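Contents: one structure, followed by commentary.
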Amino acid sequence: MIRVFQCEDTLTGIMTGVYDAWDSRLGHGQVRLQTAQNMEPELFCEYVTVFPDLVKAEKVLRTIQRRMGEEAFEMIAYASSYPDDRKADALYRMIVLGLHLPDGREICGMLTQPEVRLVFELRRKAWHIAHRYMGFVRFRELKSGVLLSVIDAEADVLALIAPHFADRLPLENWTIYDRRRKKAAVHPAGKGWLILEEVEEACFCSQKESEEEARYDALWKIFHQAVGIAERTNPDLQSSFLPRKFRPFMNEFSGQQEASKGGRDLL
Amino acid sequence: MEYRIEQQKELSEKLRILADAAKYDVACTSSGVDRSNTGKGIGNCIVPGICHSFSADGRCISLLKILFTNECVFDCKYCINRRSNDVPRASFTPQEVCDLTIGFYRRNYIEGLFLSSGIIQSPDVTMDLLYQTLWKLRREYGFQGYIHVKAIPGADAELIARTGYLADRMSVNLELPTGEGLKVLAPQKQRSKMMAPIRQVREARKQNKNELALYRHAPKFVPAGQSTQMIIGATGESDWQIMKVAEHMYQKYEMKRVFYSAFLRVNEDSLLPVLPGGPPLLREHRLYQADWLLRFYGFGTEELLSEENPDFNLLLDPKCDWALRHLDRFPVEVMGADYHTLLRVPGIGYRSAGRIVKARGLGTLDYGNLKKMGVVLKRAVYFITCGGRQMYPVKLQEDYILRNLLDGKEKLSADAKDTSVYRQMSLFDDPRFSV
């Protein structure tokens, strides 16, 4: 009988799952971790729900950092933010493997192990998304001077991009709202950033934009138009670098989106 | 300029004119510097750089790329802003550039500023205006984002030196690969004058490196290095000549990047070539591919091209082309070959080569692993063995590999297609039936 530990889809949740699974002393072959809630249950499995526990998670993370090194630690943190049903189990297997190595830091190079390779891939994917959002986030200035941005990210990137923006705009009040997860990264001017969970979009978006905003918005659109070279127009290349899913949140495309939608309606 | 009677233009109009005039500059990179915010101003930089948007031509928009002014005393044949052209002219003030940069930067539209300029009155005056703008932005506004600025050839060395301490990257465009081409199309520019600021920046960077070794907090001089740009296809240079110049710039002047820009006919001039097929984009692409081979793969120009064979094969990328001409070096055994040999295999890039070297010390590789590690087996399969086996039996024959390598996705121009390898088949010379 395999015991399946169902964890919450966060770093804390998964790490608590790792702790509980190991602590169950059933043997690594007898336990499995999963994050998906609505997976088809299997017959010869016993299901246990894991409640995220900060103390347990921190113990695991500290051990990872000490025994497997900073790179593996970062790899695990990044991979846990990418939505993939296999990730919780892969992270568990990778940690088991890493802690059994004489030098746990070697784990990052063991790409022949399927679990490690999966974690490696997820880390890369999460980093790609985070890196894209570092560029594609668009702030609007509200009447109160707060800079607000709304995103709809595939991976849970808020905690990955917030340090970057906190460093970049230390003297600004800014907020990045993740519509899909109803989370917001909030940064008060001159202070550290924090993440608010379970907030409604209306809390942030009810305010009007400042007067300056429309002017800069127009200037940016002018610049974006002017800088393209007509003889080299290549929309395929543009969409491969900047897929359409990002565009509804980027002001330089707001006019074009409506125009193309209108065109489609006519057809 | 007293005789010029013109209304003061709106900021939006100026931006339209001066961004439009700056678009022919290729460089829009924001990479090469790692700088955290001091906690007092605005902005930071990260090493890989960040792209903030992409324009309709698929080029990245990372920096606010503008000319300070498009008034110019020069009359270069290929340039839209040449003196004899009747185009609307505009100039920013340093204040306006700062407002735009900060306003855009706060909203995360851009990664920094790319400031170039036409030559207004004299090189010294122009360079001084650029310096004033940068000074204002850095010192008054506390801007710590990326700044790429043009060094104006012929300007006072002191001005260039001062500007270098405010900028992250400086560049001087070579414009045309050879001095002869320059004489024809830009008679007022001289190669020696252009090289002076490049040489100056190189020397100053060397000196700055020593200073930084002694004093950690010494001001940094052009920390992201310099770059340059050449127009491709305006004059009759061969790829070999162009790559020679690029290699020289990388080795002697420690350039971070050399950019290639396919010639666009923006002016009517009898000295400029007519290109009915549009700008030579594929040729430009091949040059960039070769450029990467020079910088990351340890290739030399002499290996890729020669005086007898001066142009790249438009059908194949330069690495495949090289591999096909050196089939005696293949197949390469993935489990045993050293890093530099792996780098020369088509389909293996510097990242996947690094991963292979790391992973094979800790376990045995197979083709499934290789694919997962990012090796492009479509190309690599002809050139590698893994554990002594080929993935599936392939012949190490130039004809056979070439036919399978041709990439249908690349847009080949009409004349390139004509020289393709298709030919009339006969029953007896099909290579698959050779004994």
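Order of the sequence lines fixes the chain letters, A, B, ..., with proteins taken first and strands second; residue numbering starts at 1 for each chain. Quantities reported herein were computed from a predicted structural model and do not represent experimental measurements.
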Exercise for the section: Can you label the angle between the B:Phe104 ring and the A:Trp220 ring as parallel, tilted or perpendicular, going by 30° and 60°? Expected result: perpendicular
Practice task
Sort out for me which of A:Val137, A:Val116, A:Leu169 touches chain B most, counting heavy-atom pairs under 4.5 Å.
Solution key: A:Val137
Problem - Residue, of A:Arg132, A:Arg117, A:Met250, A:Glu212, that accumulates the most heavy atom pairs under 4.5 Å with chain B - result: A:Arg117
Heavy atoms of other groups near [X] [atom1], more than 12 under 6.0 Å:
{"X": "A:Lys183", "atom1": "NZ", "answer": "yes"}
{"X": "B:Lys371", "atom1": "NZ", "answer": "no"}
{"X": "A:Arg124", "atom1": "CZ", "answer": "yes"}
{"X": "A:Lys191", "atom1": "NZ", "answer": "no"}
{"X": "B:Arg389", "atom1": "CZ", "answer": "no"}

Exercise for the section: With salt bridge (Lys or Arg N to Asp or Glu O under 4.0 Å) as the test, would you mind laying out the steps for A:Glu213 and B:Arg107 before giving the verdict? Expected result: CA-CA 9 Å; A:Glu213 185 56 34; B:Arg107 291 165 176 80; 2.8 Å; yes
Check each atom of [X] against the heavy atoms of chain A and say whether the ones under 4.5 Å are side chain, backbone, both or neither.
{"X": "B:Ile110", "value": "both"}
{"X": "B:Ala21", "value": "neither"}
{"X": "B:Glu10", "value": "neither"}
{"X": "B:Asp99", "value": "both"}
{"X": "B:Leu64", "value": "both"}
{"X": "B:Ser62", "value": "neither"}
{"X": "B:Arg106", "value": "both"}
{"X": "B:Ile42", "value": "both"}

Examine whether an atom of [X] lies under 4.5 Å from a heavy atom of chain B, and if so say whether it belongs to the side chain, the backbone or both; otherwise answer neither.
{"X": "A:Arg215", "value": "side chain"}
{"X": "A:Phe246", "value": "neither"}
{"X": "A:Arg138", "value": "both"}
{"X": "A:Ile229", "value": "both"}

Handout entry: Worked check of side chain to side chain contact (heavy atoms under 4.5 Å, CB included) between A:Leu237 and B:Arg59
Key = CA-CA 8 Å; A:Leu237 189 62; B:Arg59 296 189 308 160; over 6 Å; no
Of all heavy-atom pairs between [X] and [Y], which one has the smallest distance, and what is that distance?
{"X": "B:Ala19", "Y": "A:Phe223", "result": "CB-CD1, 3.5 Å"}
{"X": "A:Leu171", "Y": "B:Gly41", "result": "CD1-O, 4.0 Å"}
{"X": "B:Ser55", "Y": "A:Val227", "result": "CB-CG1, 4.0 Å"}
{"X": "A:Thr112", "Y": "B:Gly363", "result": "OG1-CA, 4.0 Å"}

For the candidates [options], which exhibits the highest count of non-hydrogen atom pairs separated by less than 4.5 Å from chain A?
{"options": "B:Glu284, B:Arg360, B:Met373", "value": "B:Glu284"}
{"options": "B:Cys60, B:Ala262, B:Gly103, B:Gly374", "value": "B:Gly103"}
{"options": "B:Ser12, B:Gly145, B:Ala56, B:Pro279", "value": "B:Ala56"}
{"options": "B:Ile61, B:Thr38, B:Leu100", "value": "B:Ile61"}
{"options": "B:Gly43, B:Gly368, B:Ala359, B:Pro48", "value": "B:Gly43"}
{"options": "B:Leu365, B:Ile356, B:Leu281, B:Ile66", "value": "B:Leu281"}

Handout entry: A:Leu111 and B:Lys358: CA distance, side-chain angles, deciding distance, side chain to side chain contact (heavy atoms under 4.5 Å, CB included) verdict
Key = CA-CA 8 Å; A:Leu111 297 181; B:Lys358 227 173 166 186; over 6 Å; no
From [atom1] ([X]) to [atom2] ([Y]), nearest 0.5 Å:
{"X": "B:Ser53", "Y": "A:Arg247", "atom1": "OG", "atom2": "CZ", "value": "8.0 Å"}
{"X": "B:Ile50", "Y": "A:Phe136", "atom1": "CD1", "atom2": "CZ", "value": "10.5 Å"}
{"X": "B:Asn44", "Y": "A:Asp167", "atom1": "CG", "atom2": "CG", "value": "4.5 Å"}

Practice task
Verify, without hydrogens or angle tests, whether B:Asp57 (side chain) and A:Arg232 (backbone) share a donor-acceptor contact under 3.5 angstrom.
Solution key: no
Exercise for the section: Answer yes or no: is there a donor N or O on one side and an acceptor on the other, between the side chain of B:Asn108 and the main chain of A:Met134, under 3.5 Å? Expected result: yes
Practice task
Might you work through the side chain to side chain contact (heavy atoms under 4.5 Å, CB included) test for A:Arg168 and B:Asn37, ending with a clear yes or no?
Solution key: CA-CA 6 Å; A:Arg168 168 159 296 200; B:Asn37 195 290; over 6 Å; no
Fill in the blank from the handout: Listed by number, the residues in residues 23-32 of chain B that come under 4.5 Å of chain A (heavy atom to heavy atom) are B:Lys23, B:Tyr24
Fill in the blank from the handout: With sequence neighbours left out, the residues meeting side chain to side chain contact (heavy atoms under 4.5 Å, CB included) with A:Ala166 are A:Trp174, A:His187, A:Trp193
Practice task
Using a 4.5 Å cut-off on heavy atoms from C-beta on, say whether the side chain of B:Leu362 contacts that of A:Gln113.
Solution key: no
Exercise for the section: Check whether any side-chain heavy atom of B:Phe54 lies under 4.5 Å from a side-chain heavy atom of A:Asn234, and answer yes or no. Expected result: no
